[in-house]
Amino acid sequence: MPAYCNPQGSNRKAPHSPSRDTTRQRIKFSDDRVCKSHLLNCCPHDILCGTRMDLGECLKVHDLALRADYEIASKKQDFFFELDAMDHLQSFISDCDRRTDIAKKRLADTQEEISAEVAAKAERVHELNEEIGKLLAKAEQLGAEGNVEESQTVMDEVEKTRIQKREAEEIYRNSMPASSFQQQKLRVCEVCSAYLGLHDNDRRLADHFGGKLHLGFIEIREKLDVLKRLVAEKKERRNQDRLKRREERDREERDKLKKRSRSRERRKRQSRSSSRDRKRKTRSRSRETHHRPKSHSGSRSRSRSHHRSRDRSRDRSSKAKSSRDKERSSKDRVSRDHSRDRERKHKRNNESTNGKPESRSSEELEAGEI
């Protein structure tokens, strides 16, 4: 729940209606309605609470429970809420600087114009006043914390600065008329845009520079510087991570392209080798067809026809041989028949001449024939 401040500057939880409490219970710290500056403990509404520049209640949700949840979750994950908080503080500081410029212009219009040399001497007095006020505020803080020795050391520095201030005031007094010197010369505080007098006493300076308003603006400006540094570092890390991821993607793409080119080259080599093989085969076939007019199938058919012709020639030779054998056997029969006829004629002639039959038997005749 948001915190508000009482006139004494103490913080306590502000009462809220039941509907708003239920709404706060439903939201998370990452919700847009939650003040990211409050989660980072740098919201100007909390820092300047109870000062004369109290900004009142923040328009966004302030809840210490949500801050605790964010602190636990931010250890595991970076939500980058620093950018939102930086924008918020930058807008606030820009408004404060604009008010400071307006106050300076107003003083320049209302106060008497002085030369640049006298203005530089007056500025030196203002700077010493500011330094004395800061040292006094620091000494009071150290004394309240119990650091007496350090507080005493700071007070010694205050005395030295006071001596320097008196010398600067003497130089400034001698550089202008007495009537003009008695007039109050104001200047605007560069931190909180409050008015400071040239002749303010130490107590007034200590109250201003040690006051909650001035210290609150110092805290806001310091937190803004810290946020700027954190945002710059995180942006740099993000850019480096993005570059690394991009390099990894580029490397993966290059690897993919290399693999594709290799596979393409491999396919090209395979196609070239296959084309070369086909060309070799065609050349060899052309040579074979050139030397042997007929193809391999023709040679097979030629061999078959050769075998068939050889078989036919064998058949013809065998037939011729058989025919010759038949002729020879027929001739033998004819010759045997002729020899038999001659023997019969001779026998008949012998019988007719001698009147005796042939004494040789038929077996002898057959043996003679054989």
Side-chain angles (χ1 to χ4, degrees), residues 5-11 44 46-55 93 96-97 99-104 106-108 110-112 114 118-223:
C5 303
N6 57 15
Q8 286 75 24
S10 61
N11 296 338
D46 293 339
I47 295 173
L48 300 178
C49 180
T51 65
R52 65 180 180 85
M53 290 187 63
D54 193 343
L55 303 174
I93 293 298
C96 180
D97 293 339
R99 288 195 301 269
T100 301
D101 294 337
I102 293 172
K104 286 181 178 180
R106 188 181 296 115
L107 286 177
T110 56
Q111 294 186 141
E112 294 181 2
I114 56 178
V118 176
K121 294 176 181 179
E123 185 66 25
R124 175 58 180 168
V125 175
H126 281 298
E127 291 177 356
L128 292 172
N129 282 337
E130 184 175 351
E131 186 175 355
I132 289 171
K134 290 180 179 179
L135 291 173
L136 287 173
K138 184 178 179 181
E140 290 179 359
Q141 184 179 359
L142 292 173
E145 293 175 356
N147 299 323
V148 181
E149 294 181 358
E150 294 181 4
S151 176
Q152 188 61 39
T153 304
V154 173
M155 289 303 298
D156 295 339
E157 293 180 3
V158 169
E159 291 298 328
K160 294 178 182 178
T161 308
R162 283 173 178 170
I163 295 171
Q164 295 177 3
K165 177 188 174 182
R166 285 194 293 269
E167 293 176 355
E169 286 178 345
E170 187 67 25
I171 295 172
Y172 173 68
R173 184 184 299 110
N174 295 330
S175 63
M176 60 187 308
S179 60
S180 299
F181 179 77
Q182 293 299 326
Q183 293 179 359
Q184 180 68 285
K185 297 296 181 181
L186 299 178
R187 69 186 295 264
V188 182
C189 181
E190 299 290 341
V191 177
C192 60
S193 69
Y195 289 104
L196 297 174
L198 185 65
H199 305 296
D200 288 341
N201 56 21
D202 295 344
R203 185 71 265 164
R204 168 75 175 84
L205 296 173
D207 291 341
H208 171 76
F209 291 105
K212 189 175 181 180
L213 178 64
H214 188 83
L215 295 177
F217 271 94
I218 291 176
E219 182 180 357
I220 292 172
R221 291 179 183 275
E222 290 177 351
K223 286 182 179 295

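The analysis underlying the following values was restricted to heavy atoms, covering all of them including side chains, and did not include hydrogens, waters or symmetry mates.
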Enquirer: Output yes when E140 and R203 qualify as a salt bridge under the 4.0 Å nitrogen-oxygen rule, no when they do not.
Expert: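 Yes, E140 and R203 are salt-bridged.
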Enquirer: Identify the two heavy atoms, one from T100 and one from C189, that lie closest to each other, and give their separation to 0.1 Å.
Expert: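 Heavy atoms only, the tightest pair is CG2-O, 4.0 Å.
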Enquirer: Would you mind checking if K134 and E130 are paired as a salt bridge, meaning a charged N to carboxylate O distance below 4.0 Å?
Expert: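 A salt bridge links E130 with K134.
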Enquirer: Check this for me: E149, atom CD, are more than 12 non-hydrogen atoms of other residues, nucleotides or ligands nearer than 6.0 Å?
Expert: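 12 or below, so no.
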Enquirer: How far does CD of E167 sit from CD of E169, to the nearest 0.5 angstrom?
Expert: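 If we round to the nearest 0.5 Å, E167:CD and E169:CD are 11.0 Å apart.
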Enquirer: What's the verdict on side-chain contact (heavy atoms from CB on, under 4.5 Å) for F209 and N129, showing C-alpha distance, side-chain angles and the deciding distance?
Expert: CA-CA 10 Å; F209 291 105; N129 282 337; 5.7 Å; no
Enquirer: Quick check on K223: does its NZ atom have over 12 non-hydrogen neighbours (other residues, nucleotides or ligands) under 6.0 Å away?
Expert: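 Atom NZ in K223 is crowded, with more than 12 foreign heavy atoms closer than 6.0 Å.
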Enquirer: Does the side chain of R166 come within less than 4.5 Å of I163's, by heavy atoms?
Expert: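 SC-SC contact between I163 and R166 confirmed.
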Enquirer: Report yes if some heavy atom in the side chain of L107 is under 4.5 Å from a heavy atom in the side chain of V188; otherwise report no.
Expert: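 Yes, close enough: below the 4.5 Å cut-off.
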Enquirer: With a 4.0 Å cut-off, would you call E123 and R187 a salt bridge?
Expert: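 A salt bridge links E123 with R187.
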Enquirer: Would you name the heavy atoms of L136 and A206 that are closest together and state the gap between them?
Expert: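 Distance-wise, the nearest heavy atoms are CB-CB, 3.7 Å.
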Enquirer: Assess the residue pair L48 and I220 against the criterion (side-chain contact (heavy atoms from CB on, under 4.5 Å)); give the C-alpha distance rounded to whole Å, side-chain angles, the decisive distance to 0.1 Å, and a yes or no.
Expert: CA-CA 9 Å; L48 300 178; I220 292 172; 4.0 Å; yes
Enquirer: When rounded to the nearest 0.5 angstrom, what is the spacing between CD1 in I47 and CG in L213?
Expert: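 Spacing of CD1 (I47) from CG (L213) equals 12.0 Å.
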Enquirer: Can you tell me how far CE of M155 sits from CG of L135, rounded to the nearest 0.5 angstrom?
Expert: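 Answer for the CG-CE pair, L135 versus M155, is 9.0 Å.
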Enquirer: So, for C96 and F217, which heavy atoms are closest and what is the spacing to 0.1 Å?
Expert: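 Nearest heavy atoms, C96 then F217: SG-CE2, 3.3 Å.
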Enquirer: Using 0.5 Å steps for rounding, measure from the CE atom of M53 to the SG atom of C192.
Expert: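 These two atoms lie 8.0 Å from each other.
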Enquirer: Between N147 (side chain) and G143 (backbone), is there a donor-acceptor pair under 3.5 Å?
Expert: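 It does not hold such a pair.
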Enquirer: Please list all pairs passing the side chain to side chain donor-acceptor pair (under 3.5 Å) test where one or both residues lie in residues 150-164, with sequence neighbours left out.
Expert: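 For residues 150-164: E159-R162, R162-D202.
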Enquirer: Should the ring pair H214 and H208 be called parallel, tilted or perpendicular, given that the plane angle runs from 0 to 90° and is split at 30 and 60?
Expert: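 Correct class here is tilted.
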Enquirer: For a salt bridge (charged side-chain N to carboxylate O under 4.0 Å, His left out) with E190, tell me which candidate from K104, R99, R221 qualifies.
Expert: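 Only match with E190 under salt bridge (charged side-chain N to carboxylate O under 4.0 Å, His left out): K104.
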